[in-house]
Amino acid sequence: MDRSLESWQKEVIRCIRCGACQNVCPVFKELQAESTVARGRVKLIRGVISKDLDLTEGFIDKMSLCLMCKACVVNCPSGVKVDKLVEAARKEIAEKKGLSPLKNLIFRLVLKNRWVFNTGMRTGRIFQGLVFRKGPNGQGMLPRMSLGIDKRRLLSPLAQKPFKSMYPEVVKVPEATMRVSFFTGCMINYIYTDTGRAVINVLNQNGVEVVIPSLQNCCGTPVRINGDYETAKTMARANIDVFLKEKVDAVVVACGTCGLSLKEEYAELLEDDPSYVEKAKKLGSMVKDFTELVVSLEGFEGKMGRLPVKVTYHDPCHLVRGLKVKEQPRQIIRSIPGVIFEEMTKVDTCCGSGGSFSLYHYELSTKINDHKVESIHQTGAEILATGCSACRMHIADGLNRQGNPVKVMHTAQLLEMAYRARENPAL
């Protein structure tokens with residue numbers, strides 16, 4: 001995956017400019033600009049490859065206006081890998097123009113170095129009250145001042161303790177039938193520890209022993225999709241070494257983006273590294289989303305109590321279009337006694353988060369998010385389940401802006417609630 005932008009020449013000419021991407025691109029639907037839809041971006045990239053265009057600020061801006069949601073890719077009749085083309089363009093920009101000072105700091109000092117990252121998160125937890133204030137009804141937090149984050153944006157606070165510090169490295173169960181490693185990802189480790197707890201509790205109750213490698217790090221996706229391939233490669237190799245040391249049956253993820261990175265994108269990223277490409281493929285063959293693993297466990301439904309709630313579900317882009325996980329979370333939700341499951345319209349449309357996209361393009365991301373919130377509202381659901389922490393935070397922000405009380409949680413948390421309902425029917 002260390003190819004130059006010019007090597008994508010054959011890919012860009014596959015675009016027949018049919019316009020199918022216009023029907024599915026959430027950014028184009030809001031901006032209605034040809035340069036912000038897949039075929040427009042492909043034409044711009046083709047111009048740079050042919051030297052007809054330069055890496056201007058306008059070109060750089062258009063490449064940033066992509067959510068990497070893969071909707072155009074799966075709907076393209078020619079099968080053009082638009083997301084990979086945009087990623088290659090961003091790599092070219094990073095190499096020729098350099099990273100911004102902020103990205104340079106975050107990618108190469110913080111995310112790349114486990115100790116620096118952990119120390120920064122611990123410090124941030126202590127002082128977050130100085131920078132943020134409590135959100136409406138005591139939920140989440142809002143920036144007190146503009147620090148590159150829109151002051152209207154509702155964020156979830158850093159947890160009191162990182163998830164990995166809450167458990168031993170091996171969470172044992174009597175007479176375990178399976179042993180798995182858990183890739184926590186950053187948001188579960190530092191923010192949504194309730195999701196991590198639910199994953200552990202559900203798996204343990206199904207006889208699964210869980211290993212939580214202490215030396216695991218960020219999956220590296222934010223670094224890679226912003227064009228810093230060398231740092232991303234270093235991070236990928238480190239995680240590969242950590243997880244292949246464990247003697248386990250599978251590597252479980254509770255985030256579609258992290259899962260796709262480990263399952264497929266590490267091997268692509270390291271395809272020119274003979275010492276790691278096969279290791280990356282081996283790791284990828286072991287990766288399973290939490291819901292994939294759960295539905296394969298015999299008797300997981302028999303441990304549920306009754307939950308008299310109405311639930312809808314949001315498909316995270318990288319989970320449904322990347323890992324192809326669609327039916328498994330629905331199977332879990334429908335199997336919970338008492339739950340009324342209501343499918344929303346356009347269920348797999350991007351919520352507008354896109355990782356750092358919603359930080360740099362907050363106004364646009366909220367407009368995209370508003371459509372998702374309206375779809376949720378029309379279901380009349382009390383709970384929105386999803387399989388991505390970034391989606392969870394962004395949708396919660398959108399619900400808050402519209403005064404909608406729907407509770408957002410990971411599918412693992414909903415299942416944990418059902419298990420608790422059987423143990424304590426009065427709850």
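Note: hydrogens, waters and symmetry copies are ignored here, and every other heavy atom, side chains too, is used. Numbers for residues simply follow the sequence, beginning at 1.
Between the E87 side chain and the K84 main chain, no donor and acceptor come within less than 3.5 Å of each other. R90 contributes a side-chain N or O that, together with a main-chain N or O of I225, makes up a donor-acceptor pair within less than 3.5 Å. Here the side chain of K134 pairs no donor or acceptor atom with the backbone of M141 at under 3.5 angstrom. The backbone N or O of N400 sits nowhere less than 3.5 Å from a side-chain atom of N404 that would complete a donor-acceptor pair. With hydrogens and angles disregarded, a donor-acceptor distance shorter than 3.5 Å links the side chain of N239 to the backbone of N217. Panel note: side chain E246, backbone P213; no donor-acceptor pair is recorded below 3.5 Å. For S78 (side chain) and V80 (main-chain N/O), no donor-acceptor pair under 3.5 Å exists by modelled atom type. Side chain of E209 to backbone of M178: no donor-acceptor contact under 3.5 angstrom is found. A donor-acceptor distance shorter than 3.5 angstrom exists from the side chain of T349 to the backbone of K346, with no hydrogens or angles considered.
Applying the salt bridge (Lys or Arg N to Asp or Glu O under 4.0 Å) criterion to R334, with sequence neighbours excluded, gives no partner residue. Residues satisfying the ring pair (Phe, Tyr, Trp, His ring centres under 6.0 Å) criterion with F183, sequence neighbours excluded, are F243. Residues satisfying the side-chain hydrogen bond (donor to acceptor under 3.5 Å, both in side chains) criterion with N369, sequence neighbours excluded, are absent altogether. Scored by the ring pair (Phe, Tyr, Trp, His ring centres under 6.0 Å) test, F357 finds H361 as partners (sequence neighbours excluded). Y167 meets the side-chain hydrogen bond (donor to acceptor under 3.5 Å, both in side chains) test with no other residue; sequence neighbours excluded. The side chain to side chain contact (heavy atoms under 4.5 Å, CB included) search around L55 returns V48, F59, E92, I93, K96, K97, not counting sequence neighbours. Q402 meets the side chain to side chain contact (heavy atoms under 4.5 Å, CB included) test with D370, V373; sequence neighbours excluded. In terms of the salt bridge (Lys or Arg N to Asp or Glu O under 4.0 Å) criterion, D61 has no residue partners (sequence neighbours excluded). Contacts of Y313 classified as ring pair (Phe, Tyr, Trp, His ring centres under 6.0 Å), with partners at least two apart in sequence or in another chain: none.
Note that CG of N189 is 7.5 Å distant from OG of S165, once rounded to the nearest 0.5 Å. The distance from atom CD1 of I336 to atom OH of Y419, rounded to the nearest 0.5 Å, is 9.0 Å. Here N226 contributes atom CG and T231 contributes atom OG1; the two are 11.0 Å apart, rounded to the nearest 0.5 Å. Note that CG of D228 and CG of N104 are 7.5 Å apart. Values are rounded to the nearest 0.5 Å. A distance of 10.0 Å separates OG in S261 from NE2 in H318, rounded to the nearest 0.5 Å. Rounding to the nearest 0.5 Å gives a distance of 13.5 Å between NZ of K310 and CG of L384.
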Determine whether R39 and E34 satisfy the following criterion, salt bridge (charged side-chain N to carboxylate O under 4.0 Å, His left out), listing intermediate values before the conclusion. CA-CA 8 Å; R39 71 177 186 181; E34 177 69 12; 2.7 Å; yes

Should K282 and E278 be marked as a salt bridge (charged side-chain N to carboxylate O under 4.0 Å, His left out) after you check the CA-CA gap, both sets of side-chain angles, and the distance that decides it? CA-CA 6 Å; K282 181 179 179 181; E278 292 305 318; over 6 Å; no

Take Q328 and T411 through the test side chain to side chain contact (heavy atoms under 4.5 Å, CB included) and record every step on the way to the result. CA-CA 10 Å; Q328 295 90 333; T411 312; over 6 Å; no

Apply side chain to side chain contact (heavy atoms under 4.5 Å, CB included) to V211 and V248, showing your working. CA-CA 8 Å; V211 182; V248 295; 4.2 Å; yes

Output, in order, the C-alpha distance, side-chain angles, deciding distance and verdict of ring-ring contact (aromatic ring centres under 6.0 Å, His included) for F290 and F182. CA-CA 9 Å; F290 167 80; F182 179 27; 8.5 Å; no

Apply side chain to side chain contact (heavy atoms under 4.5 Å, CB included) to the pair S375 and H314, showing each step before the final yes or no. CA-CA 10 Å; S375 294; H314 162 69; over 6 Å; no

For K407 and E382, what are the C-alpha separation, side-chain angles and deciding distance, and is it a salt bridge (charged side-chain N to carboxylate O under 4.0 Å, His left out)? CA-CA 6 Å; K407 187 175 178 63; E382 302 162 74; over 6 Å; no

Trace of the salt bridge (charged side-chain N to carboxylate O under 4.0 Å, His left out) decision for E230 with R108: CA-CA 10 Å; E230 290 310 309; R108 296 176 179 176; over 6 Å; no

Given the rule in the side chain to side chain contact (heavy atoms under 4.5 Å, CB included) test, do T123 and T119 qualify, once you have shown the distances and angles that lead to the verdict? CA-CA 6 Å; T123 304; T119 301; 4.2 Å; yes

Tell me which donor-acceptor pairs under 3.5 Å the side chains of residues 25-32 have, and how far apart each pair is, sequence neighbours excluded?
{"residue": "K29", "atom": "NZ", "partner": "N23", "partner atom": "O", "Å": "3.3"}
{"residue": "E30", "atom": "OE2", "partner": "H371", "partner atom": "NE2", "Å": "2.6"}
{"residue": "Q32", "atom": "NE2", "partner": "F28", "partner atom": "O", "Å": "3.2"}
{"residue": "Q32", "atom": "NE2", "partner": "K29", "partner atom": "O", "Å": "3.4"}

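No more than 12 heavy atoms of other residues, nucleotides or ligands sit less than 6.0 Å from atom NZ of K367. Within a 6.0 Å sphere centred on NZ of K103, other residues, nucleotides and ligands contribute more than 12 heavy atoms. For K288, the NZ atom sits in a loose shell: 12 or fewer heavy atoms of surrounding residues, nucleotides or ligands are nearer than 6.0 Å. Within 6.0 Å of NZ in K245 there are 12 or fewer heavy atoms belonging to other residues, nucleotides or ligands.
The ring of Y276 has its center no closer than 6.0 angstrom to the ring center of Y266.
Counting heavy atoms from C-beta outward, M393 and I191 have side chains that approach closer than 4.5 Å. Here the side chains of K70 and L260 are in contact, with some heavy-atom distance below 4.5 Å. With contacts defined as side-chain heavy-atom distances shorter than 4.5 Å, the pair C18/P77 qualifies.
Between the side chains of Y360 and S64, no donor-acceptor pair of N or O atoms lies under 3.5 Å.
Within the structure, side-chain hydrogen bond (donor to acceptor under 3.5 Å, both in side chains) contacts touching residues 383-392 (residues at least two apart or in different chains) are D194-R392, T195-R392, R392-Q413. A ring-ring contact (aromatic ring centres under 6.0 Å, His included) check over residues 195-226, counting only residues at least two apart or in different chains, returns nothing.
Between F117 and Y190, the ring planes are tilted. Angles from 30° to 60° get that label.
Partner of D273 under the salt bridge (charged side-chain N to carboxylate O under 4.0 Å, His left out) criterion, chosen from K281, K233, R237: R237.
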